[in-house]
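Here is the structure we will look at, set down as structure tokens.
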Amino acid sequence: MPGRHATIGEAELRDSGRDRELRTLGRTPFIAALEEYVISPPDRTFSHPPEDTDRSAPGHRRPPRILRLPMGMADFAHRGFRVDRPENRALLEEHARSFLRGFNLAVSNWRYPHPALADLPDEERGFAYEGAAMHAGIRDLATFGRARALHRLVAGPGAAYVHLIHVGVGWALAPLRIPLPVPVPATPLLRWLALDGAGFAECFFAGPARLRKACANPDDERRQARIAGCGRALWFIECADPDGIRHRISTVDERARPHLWSGVGLASCYAGGLDAAGFRALREASGPHWAHFGQGCLFGIAARARSGIVPEHTALGARTLFAADVESAAEWTDLAADGLDGSTAIAAYTEWKSRLRRAVLYNS
């Protein structure tokens with residue numbers, strides 16, 4: 001994918017002058033919206049000073065009141081998701097917990113996040129970077145960019161997870177319905193993945209009842225990018241069940257269905273949950289939307305390839321769906337982006353996906 005070799009030097013992490021400590025994220029309008037949007041009242045948890053802290057002591061400074069996300073948010077039963085597929089549930093819930101761990105690690109390690117994130121299991125690290133990016137997006141929005149948390153996250157080792165970082169920024173944008181994603185240096189075409197992240201957050205947090213409303217106005221290019229994120233969320237909502245996904249997609253506006261299938265494809269090859277027969281069943285279920293589904297699969301394969309950590313389910317998806325190895329399938333995304341990867345326009349992002357759909361059909 002574009003930017004596969006673009007990095008930001010570690011030296012750029014050092015701001016001129018002394019970093020300013022963020023005093024609070026706790027009661028800004030943004031965080032108030034985030035709390036309402038993301039966390040039900042029993043789930044709310046913040047960092048607080050110890051009960052025995054002497055606030056009257058000389059030099060005492062109240063520590064920041066910073067939102068943290070509880071692990072219970074990953075529980076499918078709590079979210080109203082499918083729980084009748086135990087193996088897939090365990091896999092996908094662990095991905096969700098990795099996202100939450102990444103967010104919470106970033107709360108305490110936002111200046112230099114990479115060592116803490118490196119301690120997580122290899123195959124889960126991408127989800128953790130996605131969660132850390134949500135926190136970075138919140139911190140940068142709350143400080144009007146002064147924290148440069150996103151810049152720090154995408155630097156150095158973060159370059160291997162640049163796709164997930166863009167998606168994670170979208171989680172931060174979802175509560176305020178911000179219309180434009182935050183650009184990340186050296187990867188202008190990927191900035192629109194933030195809308196994908198916003199769509200995922202909308203349906204993951206609000207649950208299956210949100211899907212129909214989230215798929216409104218599907219002719220708008222920005223909405224299409226966001227609807228693809230809703231398709232990724234369906235992978236979790238339906239616990240990676242091809243039949244359940246097909247039925248759920250059949251209930252929404254026909255114009256939104258191709259973009260949902262795009263998101264399903266990305267999730268299937270990145271998050272996993274299928275064997276070879278399952279991939280074949282999912283391709284059959286996509287029916288007339290195979291090209292969109294295949295495009296999403298290529299996005300997921302390329303994101304895994306960039307990280308250098310390729311689980312067996314990703315390689316299996318490449319072999320089963322495209323009769324290709326992971327590197328070859330990922331290369332299609334680079335070729336399709338030729339001449340587009342310097343553009344920040346949504347039209348370039350749409351054209352990139354269109355080219356990939358043509359490649360999918362040509363190679364079918």
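Residue indices begin at 1 and follow the sequence shown.
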Before accepting this row, confirm whether a basic side-chain N of the pair R226/E202 lies closer than 4.0 Å to the acidic partner's carboxylate O.
yes
Are the side chain of W192 and the backbone N or O of T344 linked by a donor-acceptor pair below 3.5 Å?
yes
So, for A74 and A96, which heavy atoms are closest and what is the spacing to 0.1 Å?
CB-CB, 3.6 Å
Compare every heavy atom of R248 with every heavy atom of L211, then report the nearest pair and how far apart it is.
CD2-CG, 3.5 Å
Does the side chain of F103 come within less than 4.5 Å of I138's, by heavy atoms?
yes
Residues at least two apart in sequence or cross-chain that pass side chain to side chain donor-acceptor pair (under 3.5 Å) with R212, listed by chain then number, are none
Would you say that N104 contacts M71 through its side chain, given a criterion of any heavy-atom pair below 4.5 Å between the two side chains?
yes
Hey, is the main chain of A116 close enough, under 3.5 Å, to the side chain of N109 for a donor-acceptor pair?
no
Keeping R152 on the side-chain end and Y112 on the backbone end, is there a donor-acceptor pair under 3.5 Å?
no
Any side-chain donor-acceptor pair under 3.5 Å between T143 and R139?
no
Within the structure provided, determine whether T350 and I346 are in side-chain contact (heavy-atom separation under 4.5 Å).
yes
Going by the side chain to side chain donor-acceptor pair (under 3.5 Å) test, which pairs reach into residues 308-324, not counting sequence neighbours?
E312-R319
May I have the step-by-step check of salt bridge (charged side-chain N to carboxylate O under 4.0 Å, His left out) for R148 and D140, ending in yes or no?
CA-CA 6 Å; R148 302 181 75 219; D140 282 349; over 6 Å; no
What closest approach, in Å, do L356 and Q295 show between heavy atoms, and which atom pair accounts for it?
CB-CG, 3.9 Å
So C269 and R304, do their side chains get closer than 4.5 Å, heavy atoms only?
no
Nearest 0.5 Å, what's the CZ-CZ distance between F76 and F236?
6.0 Å
Contact check, side chains of S262 and F293, non-hydrogen atoms, under 4.5 Å
no
Salt bridge check: are R89 and D75 linked by an N-O gap of less than 4.0 Å?
yes
Would you list the pairs meeting side chain to side chain donor-acceptor pair (under 3.5 Å) in which at least one residue belongs to residues 118-134, sequence neighbours left out?
H95-E124, S98-E124, H114-Y129, D122-R125, E130-W171
Pairs involving residues 265-284, ordered by first then second residue, that meet side chain to side chain donor-acceptor pair (under 3.5 Å) (sequence neighbours left out):
none
Check the pair L266, C297 against side chain to side chain contact (heavy atoms under 4.5 Å, CB included), reporting the backbone distance first and the verdict last.
CA-CA 4 Å; L266 197 161; C297 290; over 6 Å; no
For a 4.5 angstrom cut-off between non-hydrogen side-chain atoms, does F322 reach V360?
yes
With sequence neighbours excluded, tell me which residues meet salt bridge (charged side-chain N to carboxylate O under 4.0 Å, His left out) with D220.
none
Holding to side chain to side chain donor-acceptor pair (under 3.5 Å), I want the full list of residues that pass it with R232, two or more places apart in sequence or in another chain.
D196
Side chains of L120 and R101: does their closest heavy-atom pair fall under 4.5 Å?
yes
Just by distance, with hydrogens left out, do T251 and R257 show a side-chain donor and acceptor under 3.5 Å apart?
no
Would you say the ring centroid of F200 lies under 6.0 angstrom from that of W235?
no
Considering only NZ, NE, NH1 and NH2 on the basic side and carboxylate oxygens on the acidic side, decide whether D219 and R255 come within less than 4.0 Å.
yes
Just so I know, are the side chains of H292 and K353 near enough to count as touching, which here means a heavy-atom distance under 4.5 Å?
no
